[in-house]
Amino acid sequence: MNTIELKNVSFNYDDGTPALEDISLSLASGRCYVIKGPNGCGKSSLFRILNGLSFPTKGEYFFKGTAVTPKFLHDKKNAAIFHSKIGFLFQDTEVMLFTGSVEDEIAFGLYQLGLSDEEVKSRTGHYISALSLEALRRRAPFSLSGGEKKRVALASILAMEPEVLIMDEPLSGLDEDGQSWITDALKSLKSPERLLLIATHNDQLVREISDQTILMDKFHHIVN
Ligand SMILES: Nc1ncnc2c1ncn2[C@@H]1O[C@H](COP(=O)(O)OP(=O)(O)OP(=O)(O)O)[C@@H](O)[C@H]1O
Ligand SMILES: [Mg+2]
């Protein structure tokens, strides 16, 4: 059983706009997949489905063998377990940041996981230093630069230590140093227990990190 299975998934937005057409995918733990495709092909829409933010119009999504449906996620316990296993870095990291300080931002998700104060403190400290955020720890996330926000959003997700990490354009808006820095950080996340899924237009990142590239076309299909 693969961690993520999509069976003939199609997705249309409420206004009828098609975003995914008959997508079947089988993604295994321990591998890094990169999704490439033109603007508007459906990458972010696919990620919304994988994270339970939208549901297929047609077809089915199984996470570790369980069908992810509105009914399944309506159950708070199911939703909490599901969200603790999948970390999602949005394309627009702006929408992810909402607390008063960088350290609160990282701690927030950890409290949601039900971790003890002590564990929250220790993980927050660890990921602040892992992503070089020491100088920013008391700053308000909204006041940071785009690249700094991206690092904070990434730290918040990594601190939750999810077994599946889905990242939508993790390098967009970063300068060259930032890109190479985050590329190295992402490479270090590869592990036999973890599934990485990344949408990117950055060929350097694809070369450095991808075990398998998934190609989408403008008709919202997977082509390989
Ligand atoms: N909220 C929405 N309502 C209606 N249509 C939408 C919505 N969000 C996206 N779409 C449409 O769905 C299609 C797929 O969009 P999506 O954002 O998934 O593409 P993408 O591959 O992530 O593109 P990009 O490379 O620009 O990030 C596009 O035609 C887009 O216009
Ligand atoms: Mg997108």
Side-chain angles (χ1 to χ4, degrees), residues 4-27 31-63 68-70 73 82-83 86-98 145-154 156-158 162 164-176 178-179 182-183 185-186 189 195-224:
I4 286 178
E5 296 271 358
L6 289 182
K7 292 193 177 153
N8 306 103
V9 166
S10 296
F11 177 73
N12 290 11
Y13 283 93
D14 288 344
D15 64 0
T17 308
L20 300 170
E21 294 284 0
D22 199 25
I23 301 287
S24 292
L25 265 185
S26 192
L27 307 181
R31 290 179 67 78
C32 176
Y33 301 87
V34 171
I35 297 206
K36 288 187 59 173
N39 293 135
C41 72
K43 303 177 296 292
S44 296
S45 306
L46 174 67
F47 286 5
R48 287 184 58 83
I49 287 182
L50 295 179
N51 285 283
L53 300 170
S54 300
F55 297 94
T57 313
K58 272 195 215 147
E60 286 172 299
Y61 167 29
F62 295 91
F63 182 76
V68 180
T69 58
L73 285 185
F82 176 76
H83 291 298
I86 300 193
F88 183 23
L89 183 74
F90 283 70
Q91 184 163 6
D92 175 11
T93 31
E94 200 87 22
V95 302
M96 301 176 60
L97 306 168
F98 53 89
S145 80
E148 291 167 345
K149 282 179 184 157
K150 201 130 214 167
R151 268 177 24 229
V152 173
L154 198 55
S156 310
I157 287 156
L158 297 186
V164 176
L165 258 168
I166 299 181
M167 292 175 276
D168 203 351
E169 309 280 354
L171 301 186
S172 69
L174 298 177
D175 63 21
E176 267 184 39
Q179 292 193 16
I182 295 284
T183 299
L186 297 183
L189 294 174
L195 195 171
L196 296 177
L197 176 61
I198 302 172
T200 186
H201 295 289
N202 184 300
D203 287 329
Q204 171 88 10
L205 178 62
V206 179
R207 276 195 299 277
E208 294 210 22
I209 204 169
S210 178
D211 297 318
Q212 189 175 327
T213 305
I214 297 163
L215 211 56
M216 289 183 72
D217 64 18
K218 63 180 176 185
F219 305 108
H220 320 294
H221 291 114
I222 285 177
V223 285
N224 51 339

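Every number for a ligand or one of its atoms is a count from 1 in the order of the listing. All of these numbers come straight from a predicted model, not from anything done at the bench.
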Can you say whether the rings of His221 and Phe219 are parallel (under 30°), tilted (30 to 60°) or perpendicular (over 60°)?
tilted
Exactly one of Ile35, Ile222, Asp168 clears side chain to side chain contact (heavy atoms under 4.5 Å, CB included) with Leu46, and that residue is Ile35
Paired with Leu165, the side chain to side chain contact (heavy atoms under 4.5 Å, CB included) test is passed by just one of Leu186, Leu158, Leu89, namely Leu158
Is atom 30 (C) of ligand 1 touching the protein, meaning some protein heavy atom lies under 4.0 Å away?
no
Hey, is atom 19 (O) of ligand 1 under 4.0 Å from any protein heavy atom?
yes
Is [X] close to ligand 1, meaning an N/O of one under 3.5 Å from an N/O of the other?
X      : answer
Asp15  : no
Cys41  : yes
Glu169 : no

Can you list the protein N, O or S atoms less than 2.8 Å from the Mg ion (ligand 2)?
Ser44 OG, Gln91 OE1
Using the salt bridge (Lys or Arg N to Asp or Glu O under 4.0 Å) criterion, which residues pair with Glu60? Sequence neighbours excluded.
none
With sequence neighbours excluded, residues passing salt bridge (Lys or Arg N to Asp or Glu O under 4.0 Å) with Asp217:
none
Residue, atom name and distance, where the atom is the protein heavy atom closest to [atom]:
atom                    : answer
atom 16 (P) of ligand 1 : Ser45 OG, 3.6 Å
atom 2 (C) of ligand 1  : Tyr13 CD2, 3.4 Å
atom 17 (O) of ligand 1 : Ser44 CB, 3.8 Å
atom 11 (C) of ligand 1 : Thr17 CG2, 3.7 Å
atom 14 (C) of ligand 1 : Gly40 O, 3.3 Å

Just verifying a value: how many Å separate Leu73 CG and Phe82 CZ, rounded to the nearest 0.5 Å?
5.5 Å
Output for pair (Met167 CE, Leu189 CG), nearest 0.5 Å, gives 6.0 Å
Which atom pairs, donor and acceptor, lie under 3.5 Å between side-chain atoms of residues 12-19 and protein residues at least two apart or in another chain?
unit_1: Tyr13; atom_1: OH; unit_2: Ser45; atom_2: OG; d: 2.8
unit_1: Asp15; atom_1: OD1; unit_2: Thr17; atom_2: N; d: 3.0
unit_1: Asp15; atom_1: OD1; unit_2: Thr17; atom_2: OG1; d: 2.7
unit_1: Asp15; atom_1: OD2; unit_2: Thr17; atom_2: OG1; d: 3.2

Look at ligand 1 and say whether Gly37 reaches it with a heavy atom at a distance under 4.0 Å.
no
Of His201, His220, Lys43, Arg48, which has the heavy atom at the shortest distance from atom 21 (O) of ligand 1?
Lys43
Of Asp92, Asp168, Asn39, the one whose closest heavy atom lies nearest atom 26 (O) of ligand 1 is Asn39
Full working for side chain to side chain contact (heavy atoms under 4.5 Å, CB included) between Tyr33 and Ile4
CA-CA 12 Å; Tyr33 301 87; Ile4 286 178; over 6 Å; no
Please answer whether the main-chain N or O of Leu50 pairs with a side-chain N or O of Tyr61 as donor and acceptor at a distance below 3.5 Å.
yes
So, Lys149 side chain and Thr93 main chain: donor-acceptor pair closer than 3.5 Å or not?
no
Go through it in stages, so that I can follow the logic: the residues are Ile23 and Met216, the test is side chain to side chain contact (heavy atoms under 4.5 Å, CB included), and I'd like the CA-CA distance, side-chain angles, deciding distance and then a yes or no.
CA-CA 10 Å; Ile23 301 287; Met216 289 183 72; 4.2 Å; yes
Indicate whether any N or O donor in one side chain lies under 3.5 Å from an N or O acceptor in the other, for Gln91 and Ser44.
yes
For Gln91, the ligand 1 atoms whose distance to one of its heavy atoms is below 4.0 Å
27 (O)
Heavy atom under 4.0 Å from ligand 1: found in Met216's side chain, backbone, both, or neither?
neither
